[in-house]
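Below, each value reflects all heavy atoms present in this structure, side chains not excepted, and no hydrogens, waters or symmetry copies.
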Amino acid sequence: MAMKKKPVTGMKDILPREMEIRDYCIREIKETYKTFGFTSIETPAVEHIENLSSKQGGENEKLIFKILKRGEKLNLETAKVETDLVDGGLRYDLTVPLCRYYSNNANELPGPFKALQMGAVWRADRPQRGRYRQFMQCDIDILGEPTIMAEIELILATTTLLGRLSFKNFTIRINDRRILKAMAAYSGFNEADYDAVFIALDKMDKIGLEGVREELIGAGHPAENVDKYLALFNENTADTAAIRKLAELLGDQLPAEISADLIQIIESVEGAKAADFKMAFDPTLVRGMSYYTGPIFEISMDEYGGSVGGGGRYDEMIGRFTGQNTPACGFSIGFERIIMLLLEQDFRVPGTVGKTAYLIEKGMPADKLGQIIAKAGQARAKGEIVNIVMMKKNKKFQKDQLTQEGYDEIIEFFADREIQ
């Protein structure tokens, strides 16, 4: 039976054109984040199944690629429950592995620790535009910094990077999980119902205010509470004035420093930004992960029609490993979606050196072939790109292919001619 040539569903092969852009973006990411003091780290692709299933990853925990035990540990005959068969899984994000990494190595790391982590993650999700089952994530996190300096640095670093990648007119939407909880409390919802309320709210951009109302009332929440809650979203101006107005309405339900910190984050970023974007307060922003404890943010781009990155503060997650909470905040860009948008824009890597192809006629004498190879070596020593290929019968098609691959000069060498 013939072997299958297509990738596994949800995975993809990466062709040279895309790979060139990916390599360029990775270089820009590392160089940009390095200027902000972030240090590259790496964690294993496989994590303990207990860590991945700790109810910190929200819906992602339903999408884990689980790994069977190996050797003598795998006993199919005596297995009764899944944990008898499985002891590991492919990581579904980089945050859970980072927290384990920090917990294990904190004594050898500076404080605060600014980490840059890039790597593949896996989710058994339904593939769609810009979403795969294996994809690259790119995270920056600041661990051990309790102040809003962490949020400001993360937003500035991420937006500076996007600017360097030629993106502009995008929006950083920002909210705070504590504001979400204060709004729910003000409206009379029970604390046990908060997560269900937030799940409905998270659909606001798809089903609208009335759709959220119908869903909440349909779930059995009193209409009085629902209407009081949804009235808080009326006339949101997406600026710091909206935060002040909301804080005034919530009164004692929202400690003054929470709204003040959010305002300072927005004003500080606006005053120091190096890219073309805007900050927008969005009280409907939820972020799906249950581990967020403070400010949360997302990147919105009109050309994508959705989020291309996000993050927030998760001060309690490391404590799940160590028993002691550690301030933590992170921002992740949607690397695959960024690459997709650049490809759709026919992005060309700036400053690319010229690419030259040497076409060599078959039957080239050894001495002349040596001269050609030496000539290529001299050019390569100067940093030029030279590709030596044998001349094919259909030379026109071959030259067209090389041109499509970005070779702007093609030099032909013939056996009966002198090497110039």
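You'll find the side chain of Cys99 stays beyond 4.5 Å of the side chain of Tyr291, heavy atoms only. Looking at Ile333 and Ile29, their side chains come closer than 4.5 Å, going by heavy atoms from C-beta outward.
When the shell of 6.0 Å around CG of Asn234 is examined, it contains more than 12 heavy atoms from other residues, nucleotides or ligands. No more than 12 heavy-atom neighbours from other residues, nucleotides or ligands sit within 6.0 angstrom of CD on Glu248. The 12-atom threshold is not exceeded at NZ of Lys30, counting heavy atoms of other residues, nucleotides or ligands nearer than 6.0 Å. Atom CD of Glu257 has more than 12 heavy atoms from other residues, nucleotides or ligands within 6.0 Å. Counting heavy-atom neighbours within 6.0 Å of Lys181 NZ, excluding the residue itself, gives a total of 12 or less. Environment of NZ in Lys278: sparse, with no more than 12 heavy atoms of neighbouring residues, nucleotides or ligands closer than 6.0 Å. Environment of CG in Asp346: crowded, with over 12 heavy atoms of neighbouring residues, nucleotides or ligands closer than 6.0 Å.
Rounding to the nearest 0.5 Å places CZ of Arg178 at 7.0 Å from CG of Asp261. Atom-to-atom distance recorded for Glu298:CD and Phe331:CZ is 8.5 Å, nearest 0.5 angstrom. Note that the CG atom of Asp139 and the CE atom of Met118 stand 9.5 Å from one another [nearest 0.5 Å]. In this structure, NZ on Lys168 lies 15.0 Å from CZ on Phe277, to the nearest 0.5 angstrom. Here the CD1 atom belonging to Ile217 is positioned 8.0 Å from the CG atom belonging to Leu230, to the nearest 0.5 angstrom. Rounding to the nearest 0.5 angstrom, the gap separating the CZ atom in Arg173 from the OG1 atom in Thr284 is 5.5 Å.
Between Lys399 and Glu412 there is a salt bridge, since a side-chain N of the basic residue sits under 4.0 Å from a carboxylate O of the acidic one. The pair Glu31-Arg27 does not meet the salt-bridge criterion, since no charged nitrogen lies less than 4.0 angstrom from a carboxylate oxygen. Between Asp400 and Lys396 there is a salt bridge, since a side-chain N of the basic residue sits under 4.0 Å from a carboxylate O of the acidic one. Salt bridge Arg70/Asp87: present, at least one basic N to carboxylate O contact under 4.0 Å.
Below 30°, between 30° and 60°, or above 60°: for Phe233 and Tyr229 the angle between ring planes is above 60°, a perpendicular geometry.
Under 3.5 Å, the side chains of Thr43 and Arg100 contain no donor-acceptor pair of N or O atoms. At a cut-off of 3.5 Å, with distance as the only test, no side-chain donor of Ser40 or Glu42 sits close to an acceptor on the other residue. There is no side-chain donor-acceptor pair under 3.5 Å between Tyr292 and Asn175.
Across Asn387, Ile411, Ile410, a single residue satisfies side-chain contact (heavy atoms from CB on, under 4.5 Å) together with Leu359, and that is Ile410.
Side chain of Asp23 to main chain of Ile26: no donor-acceptor pair is present (N/O by atom type, distance under 3.5 Å, no hydrogens or angles). In this structure, the side chain of Arg164 does not engage the main chain of Ala275 through any donor-acceptor pair within 3.5 Å.
Taking every heavy atom of both residues into account, Ala328 and Leu143 meet most closely at CB-CD2, 3.5 Å.
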I'd like to know whether Ile49 forms a side chain to side chain contact (heavy atoms under 4.5 Å, CB included) with Ile64, so could you lay out the CA-CA distance, the side-chain angles of the two residues, the decisive distance to 0.1 Å, and finally the verdict. CA-CA 9 Å; Ile49 195 65; Ile64 300 170; 4.2 Å; yes
Would you sort out whether Ser187 and Asn225 count as a side chain to side chain donor-acceptor pair (under 3.5 Å), showing the intermediate values? CA-CA 5 Å; Ser187 304; Asn225 294 355; over 6 Å; no
